[in-house]
Amino acid sequence: MKMQFEHISVLPQEVLDFAPESTASILDCTLGGGGHSRRLLEKFPQATLAGIDRDALAVEAAAGCLQAYTARTKLNQASFSELQDVFNNLSEPLFDYVLADIGLSSEQLARPERGFSFMQEGPLDMRMDPDRQQTTAAHLLNTASEHELIQILRNYGEERFARKIVAKILAVRQVKPFESTRDLADLVSSVIPRRLQKKGFNPATKTFQALRIAVNNELQELTELLAQIPIRMKQGGRLAVISFHSLEDRIVKQQFRKWENPCVCPTDLPYCICGEKSLGRVLTRRPVNASTKEVADNPRSRSAHLRVFAFEKTDL
Ligand SMILES: C[S@@+](CC[C@H](N)C(=O)[O-])C[C@H]1O[C@@H](n2cnc3c(N)ncnc32)[C@H](O)[C@@H]1O
């Protein structure tokens, strides 16, 4: 029986439109519910698709969604940093189109037991792969040093009240360890002065984002993904990345720029002596955002940024 999986794919038409016309092999690095993969397999009836997700429930849901295409798909539970193992098990790990729609699915957010949401009471977990990851958000909150927690909140949440929030966390955890999402959400809300709380924006948003990024090592995972992709692309292949916050978007933007123009020669040199060669070109000077209609239909798409890189050189 197909499991129920709540997730509406963002920028669905744009993801299809950026795929090279003669796409024959696809890598979906973030299967989620399989929505993007299904559309791509429909659009390219001859194409094969390799898909991964680090969340076992997502792989299961995607397998259900892609049931009609089993002959053309190979799905695995794996994280970006484990892609090499996935490639080792494919006969030809070279792709025309690679998609990474990073972040959380609505399903992960909607399940209180996963602990991602400050809106619902649940254990402070936040692991995308609870079977194989050891560190939960609660463990981090209860054991990390003051300095580590401040760094996490500042670097991953850009939280300006990091120091105050952490001081309160340290005081509270001496009395009773953190267990639930509600405990943390209430604490953050009590620390940030009410007059400085943005309307329509839960004050715990940044703290939850920061912890989630730390628990899942998300920025490192993204960096590792980007490092592995160039040698896996066919000539003319494209990489599409959808990110949901500025930290990830910045990493993608900077990496794409470097691939396009890797030259490190001083700008006043009349010609290049460093020998670094461009891998191709950025197809999206600015990130592609969801239309007003899509945002109205699927508010989660509001913060989605799509960037696409076209690889023109493959002799790496
Ligand atoms: C926004 S959802 C993808 C939705 C999907 N494109 C669809 O159309 O249904 C993001 C997915 O990426 C997965 N994910 C996030 N970081 C990952 C990583 N480092 N390695 C593998 N999967 C990851 C999450 O578990 C989640 O299922």
Side-chain angles (χ1 to χ4, degrees), residues 6-8 10 102-128 135-219 243-250 287 289-290 292 294-305:
E6 300 288 335
H7 183 83
I8 304 172
V10 300
I102 46 191
L104 282 186
S105 67
S106 308
E107 179 72 19
Q108 287 166 324
L109 207 55
R111 289 185 178 228
E113 73 273 17
R114 303 295 300 264
F116 288 111
S117 172
F118 43 73
M119 308 280 281
Q120 306 175 77
E121 174 89 44
L124 260 174
D125 191 317
M126 301 196 191
R127 290 169 298 173
M128 288 191 194
T135 307
T136 64
H139 181 77
L140 207 57
L141 267 189
N142 292 323
T143 59
S145 69
E146 178 179 18
H147 176 72
E148 286 166 339
L149 287 173
I150 292 176
Q151 291 301 309
I152 289 172
L153 263 56
R154 281 207 180 128
N155 296 344
Y156 299 158
E158 298 175 317
E159 173 57 74
R160 60 185 274 229
F161 295 100
R163 192 170 282 285
K164 277 180 95 173
I165 294 170
V166 170
K168 187 88 185 255
I169 289 172
L170 260 60
V172 168
R173 80 183 188 188
Q174 283 205 324
V175 182
K176 184 180 166 288
F178 283 90
E179 281 171 11
S180 91
T181 48
R182 197 47 63 72
D183 295 344
L184 179 63
D186 290 349
L187 177 146
V188 177
S189 172
S190 73
V191 170
I192 301 182
R194 205 152 285 280
R195 66 193 158 80
L196 297 178
Q197 294 187 9
K198 271 200 230 155
K199 219 173 154 216
F201 186 83
N202 189 302
T205 306
K206 291 180 174 185
T207 299
F208 271 65
Q209 173 187 300
L211 278 174
R212 194 197 89 202
I213 291 176
V215 165
N216 295 292
N217 207 10
E218 290 181 30
L219 303 187
S243 58
F244 289 85
H245 56 76
S246 58
L247 299 170
E248 287 172 340
D249 187 50
R250 200 174 307 145
N289 300 325
T292 320
E294 181 175 353
V295 174
D297 293 346
N298 178 16
R300 193 183 156 276
S301 66
R302 186 185 304 116
S303 42
H305 288 329

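Just so it is clear, the values below take in all heavy atoms, side chains as well, and ignore hydrogens, waters and symmetry mates.
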### Query
If you round to the nearest 0.5 Å, how far is CD1 of Ile102 from CG of Leu104?
11.0 Å
### For Leu140 against Ala214, the heavy-atom pair lying closest together
CD2-CB, 3.8 Å
### Query
Taking all atoms of both residues into account, what is the closest heavy-atom pair of Pro203 and Ile192, and its distance?
O-CD1, 3.7 Å
#### Entry: Closest non-hydrogen atom pair, Ala210 against Gly157
CB-N, 3.6 Å
### Message
Does any part of the side chain of Leu211, heavy atoms only, come nearer than 4.5 Å to the side chain of Met126, both counted from C-beta?
### Response
yes
#### Entry: Note, Arg194 side chain near Ser189 side chain (heavy atom, < 4.5 Å)
yes
### Query
Are side-chain heavy atoms of Asn289 and His305 found at a separation under 4.5 Å?
yes
### Task
Go through Val188 and Lys206 one step at a time and tell me if the side chain to side chain contact (heavy atoms under 4.5 Å, CB included) criterion holds.
CA-CA 10 Å; Val188 177; Lys206 291 180 174 185; over 6 Å; no
### Query
Should Thr205 and Asn202 count as side-chain neighbours, where that means a heavy-atom distance under 4.5 Å?
yes
### Query
How far apart are the closest heavy atoms of Gly103 and Gln108, and which atoms are they?
O-OE1, 4.3 Å
### Message
Strictly distance-based, threshold 3.5 Å: is any side-chain N or O of Ser301 a donor or acceptor partner for the main-chain N or O of Ala290?
### Response
no
### Query
Any side-chain heavy atom of Arg173 within less than 4.5 Å of one from Phe178?
yes
### Query
Side-chain contact, heavy-atom cut-off 4.5 Å: Phe118 with Thr207?
no
### Task
Please check if atom CD in Glu113 has more than 12 non-hydrogen atoms from other residues, nucleotides or ligands closer than 6.0 Å.
yes
### Query
Any donor and acceptor pair, going by atom type alone, linking the side chain of Asn142 with main-chain N or O of Ala138 inside 3.5 Å?
yes
### Task
List the atom of His139, the atom of Thr135, and the distance in Å for their closest heavy-atom pair.
CD2-CG2, 3.8 Å
### Summary
When rounded to the nearest 0.5 Å, the distance separating CG of Leu184 from CD of Glu179 is 13.0 Å
Identify every side-chain donor-acceptor pair in residues 159-171 under 3.5 Å, counting partners at least two apart or on other chains, and give the distances.
unit_1, atom_1, unit_2, atom_2, d
Glu159, OE2, Phe161, N, 3.0
Lys168, NZ, Ser190, OG, 3.3

### Message
Using salt bridge (Lys or Arg N to Asp or Glu O under 4.0 Å), reason through Glu158 and Arg154 one step at a time and then give a plain yes or no.
### Response
CA-CA 5 Å; Glu158 298 175 317; Arg154 281 207 180 128; over 6 Å; no
### Task
Would you mind listing every side-chain hydrogen bond (donor to acceptor under 3.5 Å, both in side chains) that reaches into residues 114-127, with sequence neighbours excluded?
Asp55-Arg114, Glu121-Ser180, Asp125-Arg127
### Residue list, side chain to side chain contact (heavy atoms under 4.5 Å, CB included) with Asn216, at least two apart or on another chain
Arg54, Phe116, Met128, Gln133, Arg212, Glu218
## Note on the structure
d(Asn298 CG, Ser106 OG) to nearest 0.5 Å is 6.5 Å
#### Entry: Side chains of Leu124 and Leu141 in contact at under 4.5 Å (non-hydrogen atoms)
yes
### Message
What I'd like to find out is whether the side chain of Phe244 reaches to under 4.5 Å of the side chain of Arg300, using heavy atoms alone.
### Response
yes
### Task
Enter the distance from His7:NE2 to Glu107:CD here, rounded to the nearest 0.5 Å.
10.5 Å
